There are 2 protein chains.
Amino acid sequence: MTDPATKTVKAPRKTAAKPASGARKLVKAAQTVGDGGPVDNFPKGRRAQASEARKAAILKAALAVFARQGLDGASLEAIAQAAGISKANLLYYHPSKEALYVAVLEQGLSLWLAPLSRFTDGDDPADAIAALIGAKLAMSRDHPEVSRLFALEMLRGAPLLKPVLSGPLKAVFDAKVAVVQAWIDAGKLGKVDPPHLIFSIWALTQHYADFAVQVRALAGKSLSDKAFMDETQSALTALVLDGVRPR
Amino acid sequence: MTDPATKTVKAPRKTAAKPASGARKLVKAAQTVGDGGPVDNFPKGRRAQASEARKAAILKAALAVFARQGLDGASLEAIAQAAGISKANLLYYHPSKEALYVAVLEQGLSLWLAPLSRFTDGDDPADAIAALIGAKLAMSRDHPEVSRLFALEMLRGAPLLKPVLSGPLKAVFDAKVAVVQAWIDAGKLGKVDPPHLIFSIWALTQHYADFAVQVRALAGKSLSDKAFMDETQSALTALVLDGVRPR
DNA sequence: TCGAACTTGGACCATTTGGTCAAACATGGA
DNA sequence: TCCATGTTTGACCAAATGGTCCAAGTTCGA
């Protein structure tokens, strides 16, 4: 603060579009995926509790709205209303719409990455693959909005997520590719293309969240239907493991 | 016009949200998918030609912008600029943003539905399935924006497309499910779940268009790369036909 | 050649919306 | 009890945006 003028200016109405790189924050969040974040379990006062509940409510409401309407389509007013607070209050917790969006993305990131992280080398590749399919499908059932949010972000060209994709995610991805390759080398798996296998499992499972409307229109069911969930899981697992050709 | 007042009022600024059902138009478009639309090949004047070219340019520009930014994120100004005309002129051709969006969707519908329509009963299910995968994958390579546009529409809950989904598309879908079932009954195919097989093929192939950023970030390639295209096609075909388990 | 019909875009307008501000309201510790 | 600190919101503001209007071209058939 050597310039005395800056003291009074106080940012003259958002000049130009700031770099606004919430991307950095997302990369950090992706790296600390397993640890569940800061624990801070010391005794909370009523106020702190209420505040935390509100913050959670805001993120939940924002996720719901963003996942349906997209970043541009969502209005702060709509999110605030869904969270049961005023728009001004919403902006008290998150300085801007994009910051809120980043916070939502950040929160979803761990859920998003968890299944692949748990995909580890084991005796039976078939079991590991089945487990991965199960985990991702459960994710599509229990948190379809998260899946949709990420799909939306990809469709935009992932301006905020790209650093995560080519950074932390690529690291995990490469590791899992190696795992699959090891299975193939050991003769435990047919000669498949490891990267494509992972893409395939993602595509197959996320489809049921992202294209849920279509699935519902054509099959008449959704994953929230227990029978349909089971049926889908077996169908996908069978497809990936054995394909469709008669044996 | 019994009320003299209405004469001067002249619709006081778009009253309430009209039904605005461009959905009807879409359903009709979906039904006439194969015929390539009205042919009208009578001699065209210079004017008509230019007009047609402009219309095409508009739809192309609109597709590009809508597919990236979504209905809400896209601005008429941006589309007009991409098409090289003024916003007012754009609105001369399409009465509203939503109407333009519907027109774009309508145009993409035939491309979108074509591969499945061509999926017919034949001697060898393996060939038919491989062909379907090839066609859908080619679609992802040659018209990724169309794929993304539809994905975007699904993620929104398909407000405009739902009638198409549960109408014409469901009809085609059911027919193809029957085809697959017949193969199974004839012992030409393993005991797969026909609806899920179709969903799977859609999911697998569209993934490479919709999640192209992610694929590029993780695999370093995209379908426009000939080698990667071939590799992807074999990988997906092999997966669907034979699965990953060693034989 | 001439005018009716088709095109085109600059100026405008109303509304929506992201964001700011200051004043009112809690609340919990001293 | 009292106030410093943290919350909450209604009133506002400026920019962006969908859409309208009208005047100025263009084209093409008669």
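This is a predicted model, so every value here is computed, not measured. Naming convention: chains lettered A, B, ... in sequence-line order (proteins, then strands); numbering from 1 in each chain.
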**Study point:** B:Ala88, nearest nucleotide to its side chain (from D:dG18, D:dT8, D:dT20)
**Key:** D:dT20
Check your understanding: Separation of B:Glu98 atom CD from D:dT17 atom P, in whole Å?
Key -> 18 Å
Exercise for review: May I have all residue pairs that pass side-chain hydrogen bond (donor to acceptor under 3.5 Å, both in side chains) and include part of residues 198-223 of chain A, sequence neighbours excluded?
Suggested key: A:Ser147-A:Asp210, A:Tyr208-B:His196, A:Arg216-A:Ser222, A:Ser222-A:Ser224
**Study point:** Atom-pair distance (CD1 on B:Ile58; P on C:dG9), nearest Å
**Key:** 10 Å
Check your understanding: Taking CZ from A:Phe66 and C1' from C:dG18, how many angstroms apart are they, rounded to a whole number?
Key -> 11 Å
Exercise for review: Would you tell me if any nitrogen or oxygen in the side chain of A:Tyr93 comes within less than 4.0 Å of OP1 or OP2 on D:dT7?
Suggested key: no
Review point. Any side-chain N or O of B:Tyr92 under 4.0 Å from OP1/OP2 of C:dT7?
Key: yes
Practice item. Figure out the NZ/P separation between A:Lys97 and D:dA15, and round it to whole Å. Key: 18 Å
Review point. Between C:dT7 atom P and B:Glu52 atom CD, what is the distance in whole Å?
Key: 11 Å
Exercise for review: Can you tell me the distance, in whole Å, between the CZ atom of A:Arg54 and the P atom of C:dA26?
Suggested key: 13 Å
Practice item. Find the distance B:Lys55:NZ to C:dT8:P and express it as a whole number of Å. Key: 11 Å
Review point. About how many Å separate CG of A:Asp142 and CE of A:Met229, when rounded to the nearest 0.5 Å?
Key: 7.0 Å
Practice item. Any salt bridge (charged side-chain N to carboxylate O under 4.0 Å, His left out) involving residues 60-80 of chain A? Give me the pairs, sequence neighbours left out, ordered by first then second residue. Key: none
**Study point:** salt bridge (charged side-chain N to carboxylate O under 4.0 Å, His left out): pairs with one or both residues in residues 164-176 of chain B, sequence neighbours excluded
**Key:** B:Lys170-B:Asp174
Review point. B:Ser96 side chain: which of D:dG19, C:dG19, C:dT20 is closest?
Key: D:dG19
Review point. Taking only side-chain nitrogens and oxygens of B:Asn89, does any of them come within less than 4.0 Å of OP1 or OP2 of C:dG9?
Key: yes
Revision key, fill the gap. In whole angstroms, the gap separating P of D:dT8 from NE2 of A:His94 amounts to 12 Å
Review point. Ring centroid separation for A:Phe119 and A:Phe173, is it under 6.0 angstrom?
Key: no
Exercise for review: Indicate, with a heavy-atom threshold strictly under 4.0 Å, whether B:Leu91 touches base, sugar-phosphate, or nothing.
Suggested key: base
Check your understanding: Under the 3.5 Å rule, do the base of C:dG19 and the side chain of A:Lys87 count as making a donor-acceptor pair?
Key -> yes
**Study point:** Interface with DNA chain C, restricted to residues 68-75 of chain A and to heavy atoms under 4.0 Å
**Key:** A:Ala74, A:Ser75
Exercise for review: Looking only at side-chain atoms of B:Ile85, point me to the closest of C:dG9, C:dG19, D:dG19.
Suggested key: C:dG9
Check your understanding: Applying ring pair (Phe, Tyr, Trp, His ring centres under 6.0 Å), which residue pairs with at least one partner in residues 71-91 of chain B are found, sequence neighbours left out?
Key -> none
Result block: side-chain N/O donor-acceptor pairs under 3.5 angstrom for residues 152-165 of chain B, not counting sequence neighbours:
unit_1: B:Glu153; atom_1: OE1; unit_2: B:Tyr101; atom_2: OH; d: 2.5
unit_1: B:Glu153; atom_1: OE1; unit_2: B:Arg156; atom_2: NE; d: 3.2
unit_1: B:Glu153; atom_1: OE1; unit_2: B:Arg156; atom_2: NH2; d: 3.1
unit_1: B:Glu153; atom_1: OE2; unit_2: B:Arg156; atom_2: NH2; d: 3.3
unit_1: B:Glu153; atom_1: OE2; unit_2: B:Leu160; atom_2: N; d: 3.1

